[in-house]
Protein chains: 2
Amino acid sequence: MTPNGQQKRNDILKAALELFAEHGFHNAPMAQLAKRANVAVGSIYRYFKDKDELIHELYSEVDVTLQKALVRAAEPSISTQQQFVHLMTDLIHYLQDHPYEFKFLEQYYNSPFGVEIKRDKLLLSGSSGRQSAFGQFIAGTAKESIKPMSAQVLYALVIGPVTFLLRDAISGLVELDEPRIKELADGCWNAIKR
Amino acid sequence: MTPNGQQKRNDILKAALELFAEHGFHNAPMAQLAKRANVAVGSIYRYFKDKDELIHELYSEVDVTLQKALVRAAEPSISTQQQFVHLMTDLIHYLQDHPYEFKFLEQYYNSPFGVEIKRDKLLLSGSSGRQSAFGQFIAGTAKESIKPMSAQVLYALVIGPVTFLLRDAISGLVELDEPRIKELADGCWNAIKR
DNA sequence: TCCTCAAAAATGAACGTTCATTCAGGAGAT
DNA sequence: ATCTCCTGAATGAACGTTCATTTTTGAGGA
């Protein structure tokens, strides 16, 4: 693909992310998508077989970017609890700063598209199977500090509150400021600590 | 409305609940809905102005039924923690036994339909404004035992993990058995207890 | 008990709209 | 001249909604 082609492909993906996040998959017509990307409708089909493939490709891109963003150097100098709170805070900040990505992912997972993707991979390990910073922390550093429990329940206790609150924060229903982020992270830690 | 009319209206709502839960609002055509309810397409429009009104009416019914189901007599003889765990367990069992209702509600809240409905009302107070058993417990009995924090964060810490895990359980990705329910309820309690 | 008939309820083919997708033709590069 | 990429009107399928028609209902009269 030519460099120009790559550019156009990215334009389409960017427009798609915005429209899908704003209006949902079903209320984002290809015509409107083309308009926002400044390409003709037909051109989209040079880069993607159909709308479904576009959605799947977009998921890949967003997922990869998210995983990359969450890689942080470990800071062994502070307590395990503090490390946990740092990771949570980073995660929340990132998703708060990328509401389109968050909305798109939520929509993707809660649709027939996401059925084959295990949800527990959401933030704990990338689609490649490689574990994210979060997954490494939970399985490694923090292992001894965490109460023994089913991995699924552990994930739910950590990720559940984050996604729940972010939904409202991003819709503008709640203001998710620093004190509240701290409250949330502390609560999650108390839920899982030994 | 004749008793027969009421019956038909209920048939339509029941069929709608099933189809919406199975295929989503956008993949549940009125024609298919009519077929499953054993009525003609046109008949649906005798009972509901349009598809949107049908969805809103269905929400009302499901919400009322859920609120009714969650009313439990208080048991002051056991500890506050035990009361909390009981309430959580009841809630999870109810939603586990009513997966269509759960899926429908999730979809409703995460759609333009549910924008005007405050999400924190989900399980804490009914749409009528009357507080549910859960809301009463949190605001009343348990008040002194709970760490002071933003109501939104409190809700997120309690409801977030439940909905997160139930999604996977109802999709068949996880088996949510008694030990895990206990783990989850305990974790939530630890997250919010003083 | 049976018949009549107007109102109510039910029906589903037809309509208009929206949308994803296609493709014949054009523009620009080599 | 040829090839690659782009364009957007045209296509056909799917959908929500309507409405002319048929069927059911039940009150009143014989």
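Because the structure is a prediction, the values reported are computed rather than measured. Per chain, numbering begins at 1; letters A, B, ... match sequence-line order.
Following rounding to the nearest Å, B:Tyr47 (OH) and C:dA10 (C1') show an atom-to-atom distance of 8 Å. If you measure from atom NZ of A:Lys35 to atom P of D:dT7, you get 15 Å, rounded to the nearest angstrom. Nucleotide D:dC15 holds its C1' atom 15 Å from the CG atom of B:Leu19, rounded to whole Å. Rounded to an integer number of Å, the gap from B:Ile44 CD1 to C:dT11 P is 10 Å. In this entry the distance linking NZ of A:Lys8 with P of D:dT4 reads 17 Å, nearest Å. Note: CD (A:Gln6) to P (D:dC5) measures 13 Å, nearest angstrom. At whole-Å resolution of the value, CZ in A:Arg46 and C1' in D:dG8 are 15 Å apart. One interatomic measurement links the two molecules: CG of A:Asn38 to P of D:dG8, which rounds to 11 Å at whole-angstrom precision.
Here the CD-CZ distance, from B:Glu22 to B:Arg36, works out to 4.5 Å after rounding to the nearest 0.5 Å. Expressed to the nearest 0.5 Å, how far CD1 of B:Ile138 lies from CG of B:Leu154 amounts to 5.0 Å. Note that OG1 of A:Thr163 is 6.0 Å distant from CZ of B:Arg167, once rounded to the nearest 0.5 Å.
Under the ring-ring contact (aromatic ring centres under 6.0 Å, His included) rule, A:His56 has a single partner from A:Phe25, A:Phe113, A:Phe104, which is A:Phe113.
The environment of A:His86 atom NE2 is sparse: at most 12 non-hydrogen atoms of other residues, nucleotides or ligands sit within 6.0 angstrom. In this structure, B:Lys51 places its NZ atom where more than 12 heavy-atom neighbours from other residues, nucleotides or ligands lie under 6.0 Å away. Few gaps surround NZ on A:Lys147; more than 12 heavy atoms of other groups in view lie less than 6.0 Å from it.
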List every contact pair, protein side and nucleotides 25-30 of chain C side both N or O, where the distance is under 3.5 Å.
none

Got a list of protein N/O to nucleotides 16-23 of chain D N/O distances below 3.5 Å?
from	atom 1	to	atom 2	distance (Å)
D:dG16	OP1	B:Lys51	NZ	2.5
D:dG16	OP2	B:Met30	N	2.8
D:dT17	OP2	B:Tyr45	OH	2.7
D:dT17	OP2	B:Lys51	N	3.0
D:dT17	O5'	B:Tyr45	OH	3.4

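Ring geometry for A:Phe84 against A:Trp189 counts as tilted: the plane angle lies between 30° and 60°, on a 0 to 90° scale.
No salt bridge links A:Lys182 with A:Glu178; every basic N to acidic carboxylate O contact stays at or beyond 4.0 Å.
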